[in-house]
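Working notes, structure below.
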Amino acid sequence: MRVAMIGTGYVGLVSGACFADFGHDVTCVDKDEVKIARLREGHMPIYEPGLEALVARNVEAGRLSFATTYDGTVQSADAVFIAVGTPSRRGDGYADLSYVYAAAEEIAALLDGFTVVVTKSTVPVGTGDEIEAILRRLRPDAQFTVVSNPEFLREGTAVLDFLHPDRIVVGANTERAAEVMRRVYAPLTDGSYYAQPDALKGACSASRPAPLLITSAQSAELIKHASNAFLALKISFINAVANLAEVVDADIQDIAAGMGLDTRIGPRFLRAGLGYGGSCFPKDVAAFHWVAQQRGVDFQLLDEIRKINERQKDIFFNKVLSALWTLRGKRLAALGLAFKGDTDDIRESPAVALVQRLLASGALVTAYDPAAMERAREVLSPSGKMHYASSLYEAARDADAVLILTDWKEFANIDLVRLNQEVHFPIIIDGRNLYKPQFMHDHGFTYVSVGRPATYQAQQGKPRSLAL
Ligand code: NAD
């Protein structure tokens, strides 16, 4: 099949490369000329395990190409996917759909023969109808159906998630469009992709192919927002429980384990910490709330999810303050800047927000992140107060405290003897609960984490407690 992918970011590039790997003929289009030029030279604009090899092998096979214009790509495509950004609109939290609508306008001019126009971007319910109206207005003669095909991949495991999805959701209001989408995803849903010798191994297989759910376009749009809001809810819920656990000297890891063993609840997304961030949850929860309000539906729970998440960052900041008494002039090692491990994405990263606040309070920060430092430099410019290190041990040199802000595997496997030699004071404040408190205590550290009793080294004493 011929596929056009509009937008070559985390979703567009990964989806495009995977579709090419199915054997489809894919062109990825992006307005960002620098990004396309770099992709043509084989450089990945994002850090995503497995992506570079996937792109290389499909470019080499002649199934994947890159373009800066729609012309020549849209006309011949069976399906045109819109995978551009949908950030929060400033002020009201609604999704800024200007990139989606701009893409729809450009597509309209070029439609030729029956084409399925697919929204892969995360959009509020009703956006498909808006796109259809734009296409209809600009090209009353064109034959097309607008379909919703929300994407559920996670940054850091995007390629694997795309190829081994829990489910593929297609919202199509016509059978003809549904059939095109069935053919696009057939290698995953009939299992033939998994039978190939060089297929990436994961949860799906030839005998256990990916499930496809066909719904109306409106339901598919709602499935995406409802899913992200529900995952954000789980995180905020466990964080709220963690705050209570701390007050009564309980252990949130044990509580989460006890809850997660209930198959109705499940263990995932029950990790207490600094709160969620990234390019999806914050904006999707806000947009979902906005759309409910606009349709006259009271869904205050969504605002509570957001508020708990915001408060979680304040609580962590206060933990740092409480452990150090004052931040002015203190040297802090920040381990992690990405919003989560295995990605270089710093959009809405709680780690970045925290570092900004620490700097504003007079602290000196040396940060280390395995992948996100290049991006971070754009928002946290190196200065007399803000430094970057080339390893976590270098970041920790002479530090008054080490802060773990991102759940990179590397930070869960620190050589603690070496770390202890580097630091000025052996204090770790862990926003990701990567260690057991007793283990840290045995290694000579004062250890403060989230939702668990802190352990203190005798000579340092217990810090004063601050009102949260
Ligand atoms: P991104 O910002 O990484 O990439 C978007 C790309 O679209 C950019 O390269 C930009 O230059 C390009 N673009 C913008 N307008 C364009 C236009 N008119 N024509 C061609 N290209 C254009 O975004 P992303 O993270 O890939 O997210 C894309 C969508 O997918 C969003 O709606 C997001 O909510 C959703 N989503 C993201 C993830 C994720 O983990 N990042 C997961 C699921 C869904």
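Here the structure is a predicted model, which means the values were calculated and not measured. Whatever order the structure lists ligands and atoms in, that order sets their numbers, starting from 1.
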>> Distance under 4.0 Å, heavy atoms only, partner ligand 1: which residues pass?
In response: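 Residues I6, G7, T8, G9, Y10, V11, D30, K31, D32, K35, Y70, A83, V84, G85, T86, Y99, S121, T122, E151, L153, E155, K224, S279, C280, K283, R347 each place a heavy atom under 4.0 Å from ligand 1, listed by chain and number.
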> Between F162 and F19, how do the two ring planes meet: parallel, tilted or perpendicular, split at 30° and 60°?
Replying inline: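 Geometry flag for F19 against F162: perpendicular rings.
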> Using the ring of each side chain (for Trp, its six-membered ring), is F281 parallel, tilted or perpendicular to Y276, with breaks at 30° and 60°?
Replying inline: perpendicular
> So which of D369, D345, D344 actually passes salt bridge (charged side-chain N to carboxylate O under 4.0 Å, His left out) with R375?
Replying inline: D344
> Charged N to carboxylate O under 4.0 angstrom, K307 versus E310?
Replying inline: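 Judged by the 4.0 Å cut-off on N to carboxylate O distance, K307 and E310 do not form a salt bridge.
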> Got a salt bridge between D161 and R154, using NZ or NE/NH1/NH2 to carboxylate O under 4.0 Å?
Replying inline: yes
> Excluding sequence neighbours, so at least two apart, what forms salt bridge (charged side-chain N to carboxylate O under 4.0 Å, His left out) with R377?
Replying inline: none
